[in-house]
Amino acid sequence: GIAINGGLNMPVTSDEGLEAFLRQMRGKPVFVAFQAEGREWVRLFSQATIEKFDYVFTDAMTWTDDNGKRMRLWIKDEVGVIPNAQTFMDTLVSRAIGIFDHEPIDIYVNPTFLPEQIAADYDALWTPVRMKAMVDGLARNGIAMEINNRYRIPSAAFVRLAKKSGIKVACGTNNTGAADLGRNQYCAQMIKACDLRGGDFWIPPE
């Protein structure tokens, strides 16, 4: 699939921009997708236009904390100092589950991404309790999960837990396309490590 990004402060912020992309992609031999950016996207685009896409995906990399601070987790300066990693993780999980429960998406991408300040502690911070909460939210809403080649996430433990819960997976990368998609090496590793079979993979509905 090929996707367009849309959301607050993005190049595309209205139905008109999405419709132009749909016209551009008409007749092309690919699935046409929408990457929903930020939490405001549900108010910027109509359901009628969204339904014209083969699938919609988003991540939990942009959200607003309990103090009203909106941040994009991949921008270090926006995140700033994280005084308590455990509190930050609890908020991240809460925001992600809110996305699963309230946003009409098909795939959760860049899953389990952590900002640079705490990324080195990935395995310790993604505790079994937090992973289960995320997986339960995905399963409850019938949302698939991306295995991301750029960031090499989620971990094998998370993929195994998702598979056990019946969550479908998809392979992909983040924005830069072929430059870091490569041959989907990380996804290939997860396929072997987690014994993923054909039935474990998500495909767009007909």
One should read off an interatomic distance between M89 CE and N84 CG, to the nearest 0.5 angstrom, of 11.5 Å
Within a 6.0 Å radius of atom CD on E116, are there more than 12 heavy atoms belonging to other residues, nucleotides or ligands? no
Ignoring hydrogens, what is the shortest heavy-atom contact between A60 and A96? Give both atom names and the distance. CB-CB, 3.9 Å
Which salt bridge (Lys or Arg N to Asp or Glu O under 4.0 Å) pairs, counting each pair once, include a residue from residues 79-103, with sequence neighbours left out? R39-E103, D66-R95, D90-R130, D101-R140
Those residues at least two apart in sequence (or on a different chain) that pass salt bridge (charged side-chain N to carboxylate O under 4.0 Å, His left out) with D15 are none
Are L161 and I107 linked, directly or through other ILVMFWY residues, by side chains that come within less than 4.5 angstrom of each other? no
Do M10 and I4 land in one hydrophobic cluster if side-chain heavy atoms of ILVMFWY residues count as linked below 4.5 Å? no
Minimum heavy-atom separation for T13 and G7, please, with both atom names. CG2-O, 3.3 Å
All side-chain contact (heavy atoms from CB on, under 4.5 Å) counterparts of I203, not counting sequence neighbours: none
Output every pair passing ring-ring contact (aromatic ring centres under 6.0 Å, His included) with a member in residues 1-24, not counting sequence neighbours, ordered by first then second residue. none
Side chains of Q189 and R152: do they bring a donor and an acceptor to under 3.5 Å? yes
Heavy-atom side-chain contact between Q47 and P104 under 4.5 Å: yes
How far apart are the C-alpha atoms of D106 and I143, what are their side-chain angles, what is the distance that settles it, and do they pass the side-chain contact (heavy atoms from CB on, under 4.5 Å) test? CA-CA 5 Å; D106 301 294; I143 298 170; over 6 Å; no
Once ring pair (Phe, Tyr, Trp, His ring centres under 6.0 Å) is applied, do any residues pair with Y108, and if so which ones, sequence neighbours excluded? F100
Looking at N5 and Q35, would you say the former's side chain and the latter's main chain have a donor-acceptor pair under 3.5 Å? no
Distance (rounded to the nearest 0.5 Å) between K164 NZ and K132 NZ: 9.5 Å
Please tell me whether T91 and S94 have a donor and an acceptor in their side chains that are separated by less than 3.5 angstrom. no
Which heavy atom in A139 sits nearest to a heavy atom in I167, and how many Å separate them? N-CD1, 3.9 Å
Counting N and O atoms only, with roles assigned by atom type, does the side chain of N141 sit under 3.5 Å from a partner on the main chain of G137, one being a donor and the other an acceptor? yes
Does anything in residues 183-205 form a ring-ring contact (aromatic ring centres under 6.0 Å, His included)? List the pairs, not counting sequence neighbours. Y55-W202
With the side chain counted from C-beta on, respond yes when R70 and E78 share a heavy-atom pair under 4.5 Å apart, and no when they do not. no
Do T58 side-chain atoms and A36 backbone N/O form a donor-acceptor pair below 3.5 Å? yes
Qualifying residues under side-chain contact (heavy atoms from CB on, under 4.5 Å), relative to V30, sequence neighbours excluded: I2, M25, K28
Can you tell me how far the CG atom of N184 sits from the CD1 atom of I191, to the nearest 0.5 Å? 8.0 Å
Is atom CZ of F31 surrounded by more than 12 heavy atoms (other residues, nucleotides or ligands) closer than 6.0 Å? no
I need the single residue from M190, M145, M131, R160 that forms a side-chain contact (heavy atoms from CB on, under 4.5 Å) with P154. Which is it? M145
K69: which residues meet the salt bridge (charged side-chain N to carboxylate O under 4.0 Å, His left out) condition with it, sequence neighbours left out? none
Heavy-atom side-chain proximity of L73 to M71 below 4.5 angstrom: yes
Taking the ring of W63 and the ring of F88, is the distance between their centroids below 6.0 Å? yes
Could you tell me which residues satisfy salt bridge (charged side-chain N to carboxylate O under 4.0 Å, His left out) with D65, sequence neighbours excluded, listed by chain and number? none
Taking every heavy atom of A85 against every heavy atom of I118, the minimum-distance pair comes out as CB-CG2, 4.1 Å
With sequence neighbours excluded, residues passing ring pair (Phe, Tyr, Trp, His ring centres under 6.0 Å) with W74: none
Taking the side chain as everything from C-beta on, heavy atoms only, tell me whether F113 gets closer than 4.5 Å to D59. no
Check the pair S155, W126 against side-chain contact (heavy atoms from CB on, under 4.5 Å), reporting the backbone distance first and the verdict last. CA-CA 9 Å; S155 65; W126 279 114; over 6 Å; no
Look at the side chain of D121 and the backbone N and O of A124, then say whether any donor-acceptor pair between them is shorter than 3.5 Å. no
State, with a plain yes or no, whether a side-chain heavy atom of N148 is found less than 4.5 Å away from one of V109. no
Donor-acceptor pair, distance only, cut-off 3.5 Å: does the side chain of Q117 make one with the backbone of G80? yes
Looking at residues at least two apart in the chain, or sitting in another chain, which of them share a side-chain contact (heavy atoms from CB on, under 4.5 Å) with A188? none
Within one Ile-Leu-Val-Met-Phe-Trp-Tyr cluster: W41 and F57, side-chain cutoff 4.5 Å: no
Rounded to the nearest 0.5 angstrom, the CD1-CZ distance for I75 and R72 is 3.5 Å
Could you work out, with salt bridge (charged side-chain N to carboxylate O under 4.0 Å, His left out) as the rule, every residue matching D123, not counting sequence neighbours? none
Does L18 reach the side chain of F45, with side-chain heavy atoms less than 4.5 Å apart? yes
Measuring from L22:CG to T49:OG1, what's the distance to the nearest 0.5 Å? 7.5 Å
Is there side-chain contact between D195 and K163, with heavy atoms separated by less than 4.5 Å? yes
Side-chain heavy atoms of L114 within contact of I153, under 4.5 Å: no
Could you go through E146 and K168, starting from their C-alpha distance and side-chain angles, then the distance that decides it, and tell me whether this counts as salt bridge (charged side-chain N to carboxylate O under 4.0 Å, His left out)? CA-CA 9 Å; E146 177 192 60; K168 304 295 184 182; over 6 Å; no
To the nearest 0.5 Å, atom CG of N110 lies from atom CE of M61 at 4.5 Å
